[in-house]
Chemist: 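One structure is given below, represented as structure tokens, and several questions about it will come after.
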Amino acid sequence: MKLRYYTFIILGLLMTNACDLSEEPYGFYSEDNFYNSAEDAEAAITYAYDALTFLEYSRTVFLLGDMPTDECGPKADEGPDAQDLNNWKTDNFSTNRSLVNFFKYAYIAINRSNAILDIIPQSPIDEDLKGKYLGEAHFLRAWNYFNLVRNFGRVPMHTTLVASLNETSAPLAVDLDEVYNLILSDCRKAAELLTVNQATGRADKVAAQALAAKAYLHMASSKGHNVPLYGDLSRDVNAMYDSAAYFAAEVINGQSVYGFDDTLLDIYDVDQPKGPEHIFLMSMDRSGTIEGDYSKISKLFVPYIAGGDIYLDDNDGSYTVSHDGWSVFQTRESFYNTFDAADQRGQLLLVDAVYDAAGNEIASFPGSMPYRFSRKYIDPHFITDKTSTKPYLIRFSDIALIYAEAAGPVTEAYDLVNYIRGRAGLGDLTPGLSEEDFRQAVWNERGWELAFEGNRLYDLRRFNVVNDLVEEASGLTDEEVAYYPIPQVEIDLNQGL
């Protein structure tokens, strides 16, 4: 397939209902040399991954996954888009810039993946490398469509490269089956083509299996809890739970690279991006030259104290240094109160006091610190505002809890949940629970274990409880809380809509 005179970067921007003709190209690949070598193909897949780190996309992990929930809310003077998301101002959602950017950059990532899937099969590069790049592209397309379907429901489907403006229009998927069929097919193809190969910022076979488990669980529990549109899925609820358990078990038992971290703080040690918990992370490093290459995620969670360094108590006589932050994502005290008093995920990972270098307290909550903050995103080696903190996109404990919820109250499921609880300083889960009560208990555990990791809204949605548990969403219909509307600008641009 010839690219003619289109540059690869422009192809990433002229894509389905994510066209923004004001975008400036950042670099060029010509048709004469692109994909003719392994280096070209590596550059292409790197380019596809880079779409995830766009500032407007990477921050939506938290803006959408955590902020509009019972976990946290924005600071009082945060911008109107964040306020509207937090307050569930549905009348403003179709023009909300955070949703506009999320939708746009998801399709940029999809188009970059489609470019690889369309062109690399004809490339003269080594077949093993070709399979690796194709597998990663299948994963990335599935990952981005999974993000889209959980937020917008039925979305336009693009499975081939958009290379010109007349290819940018597409109708909505007929139903959710069409979207999930592509996601699951891509996950299976990725798992077939990839090996177990942990690399920060890259996906491997285990990541593909984990994503399949996440997709099947979301489908099963959404249909089981009568989430709008999911009742029309062709698959049986129990069959989808079985598939979720199958793929999660492949992750847990089918390899020896990934597993549980022994201690909570080790999971979030910025110097251990290849820790056993980390199945899929974004690639960000403080040595980068532009935001996206490096991260400022820590600034979003840490409160402003005094404009200087702060120290966090590690609960073992040592302290970890950090900069203070912007106070953007503020933990709700009502969420903190759901933690057991002995739960270290609440007592250690949610910070209520900070210190100076000598160990003297300089601020605390309640009082001079406005809220308890998550220390999951701390980089003691920060360079001014630049850090190596990364979103935890897929974590081993997430998949262990998926297995437990999907499999129900079997011995293996209890063992996994009890390990996670024990690591947090808690006793075992009540034995002998019914299937319904066990799944509810595992769902509760996910709220504590995965807090501030971009999962909460989707767990609330698939249990159909957003308008029950989020005060700002009370009174909204199930349809209004299940999906955001497709941005109006995308409807205006896409004649297929």
Side-chain angles (χ1 to χ4, degrees), residues 135-136 138-139 141-143 145-146 149-150 176-198 203-225 227 230 233-260 276-280 393-420 429 433-436 438-443 445-446 449-450 455 458-459 462-463:
E136 290 183 85
H138 278 296
F139 172 87
R141 185 169 68 178
W143 174 258
Y145 269 118
F146 186 51
V149 74
R150 291 188 298 174
L176 292 189
D177 272 318
E178 184 178 353
V179 187
Y180 278 107
N181 285 344
L182 178 64
I183 292 168
L184 295 169
S185 173
D186 275 343
C187 287
R188 289 188 174 92
K189 289 176 182 176
E192 291 170 5
L193 291 167
L194 296 171
T195 62
V196 180
N197 179 35
Q198 186 183 32
D204 67 355
K205 181 185 186 74
V206 176
Q209 294 166 331
L211 181 55
K214 289 175 74 70
Y216 271 118
L217 184 74
H218 196 89
M219 296 165 69
S221 57
S222 294
K223 186 172 183 177
H225 289 96
V227 175
Y230 280 88
L233 286 176
S234 61
R235 294 173 174 85
D236 174 73
V237 169
N238 289 328
M240 291 188 288
Y241 274 126
D242 287 346
S243 294
Y246 168 81
F247 280 104
E250 288 292 294
V251 171
I252 294 164
N253 302 315
Q255 49 76 41
S256 58
V257 173
Y258 303 96
F260 288 120
E277 286 269 348
H278 302 318
I279 294 174
F280 185 44
L393 299 180
I394 305 179
R395 192 153 68 77
F396 186 85
S397 290
D398 176 10
I399 307 307
L401 290 170
I402 286 174
Y403 175 84
E405 185 180 334
V410 298
T411 299
E412 296 83 358
Y414 264 105
D415 288 345
L416 291 168
V417 177
N418 288 338
Y419 181 91
I420 290 170
L429 198 61
L433 293 173
S434 68
E435 181 175 81
E436 180 180 359
F438 181 80
R439 282 181 171 155
Q440 180 66 52
V442 175
W443 184 88
E445 207 66 49
R446 288 180 62 84
E449 178 65 24
L450 303 175
N455 290 279
Y458 310 115
D459 281 344
R462 65 187 180 84
F463 265 54

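Throughout, numbering of the chain's residues begins at 1 and tracks the sequence.
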Chemist: Between Lys223 (side chain only) and Leu233 (backbone N and O only), is there a donor and an acceptor less than 3.5 Å apart?
Modeler: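 At least one qualifying donor-acceptor pair exists.
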Chemist: For the CD atom of Glu192 and the SG atom of Cys187, what is their distance to the nearest 0.5 Å?
Modeler: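 Taking CD in Glu192 and SG in Cys187, the distance rounds to 11.5 Å.
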Chemist: Would you check if the distance from the ring center of Phe139 to the ring center of Phe280 is below 6.0 Å?
Modeler: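 Yes, ring centres under 6.0 Å apart.
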Chemist: Without swapping roles, check the side chain of Asp186 against the backbone of Arg141 for a donor-acceptor pair under 3.5 Å.
Modeler: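 No.
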Chemist: Looking only at heavy atoms, what is the nearest atom pair of Ala191 and Lys205, with distance?
Modeler: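 That closest heavy-atom pairing would be O-NZ, 2.8 Å.
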Chemist: Among residues at least two apart in sequence or on other chains, which ones pass side chain to side chain contact (heavy atoms under 4.5 Å, CB included) with Tyr246?
Modeler: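 Residues passing side chain to side chain contact (heavy atoms under 4.5 Å, CB included) with Tyr246: Glu250.
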Chemist: Evaluate the side-chain contact (heavy atoms from CB on, under 4.5 Å) criterion for residues Arg188 and Phe247: first the C-alpha distance (whole Å), next the side-chain angles of each, then the deciding distance (0.1 Å), finally the verdict.
Modeler: CA-CA 10 Å; Arg188 289 188 174 92; Phe247 280 104; 4.1 Å; yes
Chemist: About how many Å separate CG of Leu393 and NE2 of His278, when rounded to the nearest 0.5 Å?
Modeler: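 His278 atom NE2 to Leu393 atom CG measures 11.0 Å (nearest 0.5 Å).
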Chemist: Please check if the number of heavy atoms outside Glu178 that lie under 6.0 Å from its CD is greater than 12.
Modeler: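 Counting other residues, nucleotides and ligands, CD of Glu178 exceeds 12 neighbours.
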Chemist: Please tell me if the side chains of Val206 and Val257 come closer than 4.5 Å, counting only heavy atoms from C-beta onward.
Modeler: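 Of all side-chain heavy-atom pairs linking Val257 with Val206, none is under 4.5 Å.
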Chemist: Could you tell me the separation between the OG atom of Ser222 and the CE atom of Met240, rounded to the nearest 0.5 Å?
Modeler: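 It is 8.5 Å, given to the nearest 0.5 Å.
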Chemist: Looking at every non-hydrogen atom in both residues, tell me the closest pair between Ile252 and Ala400 and how far apart they are.
Modeler: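 Scanning both residues, the minimum pair turns out to be CD1-CA, 3.9 Å.
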Chemist: Scan the side chains in residues 402-411 for donor-acceptor partners under 3.5 Å anywhere in the protein, sequence neighbours excluded, and list what turns up.
Modeler:
residue : atom : partner : partner atom : Å
Glu405  : OE1  : Arg462  : NH2          : 2.9
Glu405  : OE2  : Arg462  : NH1          : 2.7

Chemist: Side chains of Tyr419 and Tyr414: any donor to acceptor distance under 3.5 Å?
Modeler: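 Looking only at side-chain atoms, Tyr419 and Tyr414 do not form any donor-acceptor pair under 3.5 Å.
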Chemist: Tell me, with the steps shown, if Ile394 and Ile399 meet side-chain contact (heavy atoms from CB on, under 4.5 Å).
Modeler: CA-CA 8 Å; Ile394 305 179; Ile399 307 307; 3.9 Å; yes
Chemist: What pairs with Asp204 under salt bridge (charged side-chain N to carboxylate O under 4.0 Å, His left out), at least two apart in sequence or on another chain?
Modeler: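 Asp204 satisfies salt bridge (charged side-chain N to carboxylate O under 4.0 Å, His left out) with no residue once adjacent residues are dropped.
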Chemist: Looking only at heavy atoms, which two atoms of Leu184 and Ala212 are closest? And how far apart?
Modeler: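 Reported closest heavy-atom pair: CD2-O, 4.2 Å.
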Chemist: In Å and rounded to the nearest 0.5 Å, what is the CD1 to CZ distance from Ile183 to Arg150?
Modeler: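 Reported value, rounded in 0.5 Å steps: 9.0 Å.
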Chemist: If you compare all heavy atoms of Tyr241 against all heavy atoms of Leu217, which two are closest, and at what distance to 0.1 Å?
Modeler: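 That would be CE2-CD1, 3.8 Å.
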Chemist: Using every non-hydrogen atom in the two residues, find where Ala210 and Val251 come nearest and quote the distance to one decimal.
Modeler: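 Where Ala210 meets Val251 most closely, the heavy atoms are N-CG2, 3.6 Å.
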Chemist: Is the shortest side-chain heavy-atom distance between Met219 and Val237 below 4.5 Å?
Modeler: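 No, too far: nothing below the 4.5 Å cut-off.
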Chemist: Can you measure from OG (Ser234) to CG (Leu176) and round to the nearest 0.5 angstrom?
Modeler: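 It is 10.5 Å, given to the nearest 0.5 Å.
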Chemist: Thinking salt bridges, do Glu449 and Arg395 make one under a 4.0 Å N-O criterion?
Modeler: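 Salt bridge: yes.
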Chemist: Taking 4.0 angstrom as the limit, do Glu435 and Arg439 come out as a salt bridge?
Modeler: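 Yes, this pair counts.
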Chemist: Are any non-hydrogen side-chain atoms of Ile420 and Phe260 less than 4.5 angstrom apart?
Modeler: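 A side-chain contact under 4.5 Å exists here.
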Chemist: Does the pair Asp177/Arg235 count as a salt bridge with the N-to-O cut at 4.0 Å?
Modeler: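 Salt bridge: yes.
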Chemist: For a 4.5 angstrom cut-off between non-hydrogen side-chain atoms, does Tyr145 reach Tyr180?
Modeler: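 No - every pair of side-chain heavy atoms lies 4.5 Å or more apart.
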Chemist: Would you compute the distance between atom OH of Tyr458 and atom OG of Ser221 and round it to the nearest 0.5 angstrom?
Modeler: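 Rounded to the nearest 0.5 Å, the OH-OG separation comes out at 14.5 Å.
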Chemist: Test side-chain contact (heavy atoms from CB on, under 4.5 Å) on Gln198 and Tyr258 and set out the steps.
Modeler: CA-CA 8 Å; Gln198 186 183 32; Tyr258 303 96; 3.2 Å; yes
Chemist: For Tyr216 and Asp242: C-alpha separation, side-chain torsions, deciding distance, then whether side-chain contact (heavy atoms from CB on, under 4.5 Å) applies.
Modeler: CA-CA 9 Å; Tyr216 271 118; Asp242 287 346; over 6 Å; no
Chemist: Would the distance check show the side chain of Asp459 and the main-chain N or O of Arg446 forming a donor-acceptor pair, the cut-off being under 3.5 Å?
Modeler: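 Side chain of Asp459 to backbone of Arg446: no pair is present.
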